[in-house]
Amino acid sequence: MPSLRGEDLVTPHQEVAALPIIPEREFALRTVDLTRYFYGRRGLLSQLKRPPIPIRAVDGVNLTIQREEILGLVGESSCGKSTVVRLIAGLLKPSGGEILYRSGTVQPSTTLVAYPDSTEHGSIEVLHVEKLQGESIKFYRSQVSLIFQDPFSSFDPRFTVRGILEEPLSVHGVAEKERRGLIEEILEETRLTPVSEFLDRYPHTLSGGQRQRLGIARALVLDPRMVIADEPVSMLDVAIRAQILELLLEERRKRRISMLFATHDLSAARQICDRLVVMYLGKLVEEGLTADVIQSPAHPYTLALIAAVPDPEPANRSRIIDLPIKGEIPSALEVPSGCRFHPRCPYAGEQCRVEEPPPIKIDDNHYSACWFAEKVKCGVAP
Amino acid sequence: MSKILSVEDLRVQYPSQGSLINAVDSVSFSLNRGSSLGITGESGSGKSTLAHAIMGIIPSPGKIVEGRILAGGEDITAMSSTRSEQIKGDKIALIFQGAMNVLNPFYTINDQMQETIRAHRRRVSKSQSGTLAEESMAKVRLGPEVLDRFPHELSGGMKQRVVIAMALMLDPDILIADEPTSSLDVIVQAQITNLLKDLQRTLGLTLILITHDLGLVAELSDFVAVMYAGRFVEYGRLTELYGAPKHPYTHLLLRSVQRLSGPNVLSYISGQPPNLQSPPNGCRFNPRCPYVQSKCIDEDPQLTLFGSSHQVACHRSEEKIW
Ligand SMILES: Nc1ncnc2c1ncn2[C@@H]1O[C@H](COP(=O)(O)OP(=O)(O)OP(=O)(O)O)[C@@H](O)[C@H]1O
Ligand SMILES: Nc1ncnc2c1ncn2[C@@H]1O[C@H](COP(=O)(O)OP(=O)(O)O)[C@@H](O)[C@H]1O
Ligand code: SF4
Ligand SMILES: [Mg+2]
Ligand SMILES: [Mg+2]
């Protein structure tokens, strides 16, 4: 897959690295033209007739997770969030592009040099996640951990809480006598208390909220530098959801970790994310500080996402929701020409049908891949 | 106004690990033609069980152990099962939680709609039932060509429309929709919400909406019931219940909704809902309630009427402390 990034094309991410508001911040992880195609299984005969059509799940994504920030990856189901998550976690190989990971300050940089596939990137040392193998995968996994949407299906039902937390410790060679202390500490921290009451329970005896706490405990027990969370609150009741969001915020503060928070729920993202990237059909369409994206969205898709969120507001009873979007999301097998949002977009013009919009800078730290970004941001109707 | 449905003192029990749990406990409400009731509460609070009880489909060994359900003045809990089934087929339709995911993959939409018609109307000709199916599809803004498709050929939003069309086919007096938007994407959710609003206006649909989404409740309901551990803890008009909740659970639930506007604060209810096998003494919310007093632990608060329709079960509902 040839690189889509022309030398003259300024991607937002080159600028984001030097955020004027927090200049000392540096990136923790960055993807460059990250792509992942899937090929559906088809009969041999039809494959001979014409080449298989790829599902363009992730189609050239440039995103940057800065140190100690929570970056929200927002979009509807099947837009590619989980694929990005699995690529970044090293569970899936990209079809093209790069994933650059930079270890935090806590880890002495000499650790990185010890690995054969660390390279120079500018003047900083990075790991190429897409090329990791052997021991360096293990190192990366101890640095970057995952929280899943449904913690239940990701636990081995034969393991108790203790067993679930012990596994990563033993895989990463933590001495047996140290494990107990670490496990009790993390249970305390994630408020699965009294600890003695939880240690020997099986995951199916825990409530949804408790299970997600255990999922977070498992992700943190190795003291990672970065956490990748895939829809961590989507399956929880509203009464419990904020408990988990608060726990994530607290851990970020305490451990100074960076985090990617993938979600279809813009209002949950608003609560904990510093910045947002909005994804549509495998590509990022908007990026900016959370408040900017929500208060002055600059992409028509973001506009529609915001309009669709129902507020518990009695006055809404008498309205028809004004949705500035047509139809439903097309399949990633048939990505539309030009701007991939154009068939659903009320702003779309001729240019949109033929030419793909690059990320356009509309403000410091705020980018939108739309030919009419300025117009949208200023609230001018289509 | 005429009551189209009345539920009186309903109690539903399931045996569970050697004891009996009251999944629905002393629930009463009634509904006028053309109005809508939103029933909300956390997972496991008994919302779906209540819907299943109204439809008479509580899976045994669970059963209705107390109370009556009156549809159009007739007690359907007391009827023979065939008669009550007929009434319910005609009068009340239920959209099951997750129904769009259990459409039969081997049959076309049309086959599945015909099946539904034949199950309830034995004496309908082929052409009549064909017209019925097409008319229902039109109600949910789908063209007749969709009838010939299989479920996998439809998007999530279309499947949900089909499920609504099936429920509307027999022209029910009451539609019960159990989480009609919860497995859909946010934009499709809003499209389905608009469709239901439209049906309320154009067909005068009487709706019982079951959802944990307090935003959706506000879009579609005239009255709201908040369930906690099998009971209604608060019931009232949407505006009074949302505007001035009288039960701390309602108040805290509304505050824990993440919004896109207003102050960015994280508020939640600590703890978790009670185990129905051994619910707490006194008020069932007392272990989680920030306003708990000794009376709350000693005495079970009864639903009390305020004004014309607002009902609350809390010892401190009049103190204006939240
Ligand atoms: N067939 C059954 N047998 C035994 N217990 C059941 C059965 N169905 C439901 N229950 C129990 O009854 C209670 C109420 O469940 P119900 O499904 O009505 O909740 P709900 O409010 O609809 O929850 P959700 O929001 O998760 O759909 C729960 O404690 C549940 O475990
Ligand atoms: N293993 C796979 N094989 C084929 N297609 C896949 C696979 N994983 C994901 N996809 C497709 O890639 C697209 C993005 O999926 P996903 O990353 O799961 O999105 P999200 O997490 O945003 O819902 C979808 O069209 C999905 O069907
Ligand atoms: S580029 Fe055109 S089609 Fe795409 S979002 Fe902007 S206005 Fe709409
Ligand atoms: Mg996903
Ligand atoms: Mg239910």
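All values reported here derive from a predicted model rather than from experimental measurement.
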Would you name the heavy atoms of B:Ser267 and A:Ala242 that are closest together and state the gap between them? O-CB, 3.3 Å

On a heavy-atom basis, the closest approach of B:Tyr242 and A:Pro314 is CB-CG, 3.6 Å

Given heavy-atom pairs under 4.5 angstrom as the criterion, report whether the side chain, backbone, both or neither of A:Ser331 touches chain B. neither

Non-hydrogen atoms of A:Arg317 and B:Ser36 that approach each other most closely: NH2-OG, 3.5 Å

Between A:Gln295 and chain B, with a heavy-atom cut-off of 4.5 Å, which part of the residue counts as in contact: side chain, backbone, both or neither? neither

Using a cut-off of under 4.5 Å for heavy-atom pairs, which of A:Arg191, A:Gln271, A:His264 has the most such pairs with chain B? A:Gln271

Over all atoms of both residues, closest heavy-atom pair of A:Arg270 and B:Ser261: NH1-O, 3.4 Å

Tell me, for A:Ile294 versus chain B, whether the close heavy atoms (under 4.5 Å) come from the side chain, the backbone, both or neither. side chain

Options A:Val238, A:Val309, A:Ile321, ranked by heavy-atom pairs under 4.5 Å with chain B, top entry: A:Ile321

Please give me the minimum heavy-atom distance between A:Ala239 and B:Leu253, naming the atom from each residue. CB-CD1, 3.9 Å

Given that the side chain runs from C-beta out, which part of A:Ile329 has a heavy atom under 4.5 Å from chain B: side chain, backbone, both or neither? neither

Where B:Arg201 and A:Ser318 come nearest, the two heavy atoms and their spacing: NH2-O, 3.2 Å

Segment of A:Asn316 engaging chain B (4.5 angstrom heavy-atom cut-off): both

Part of A:Ile320 lying under 4.5 Å from any heavy atom of chain B: both

Checking side-chain hydrogen bond (donor to acceptor under 3.5 Å, both in side chains) between B:Tyr268 and each of A:Gln243, A:Glu246, A:Arg241, which is the one that passes? A:Glu246

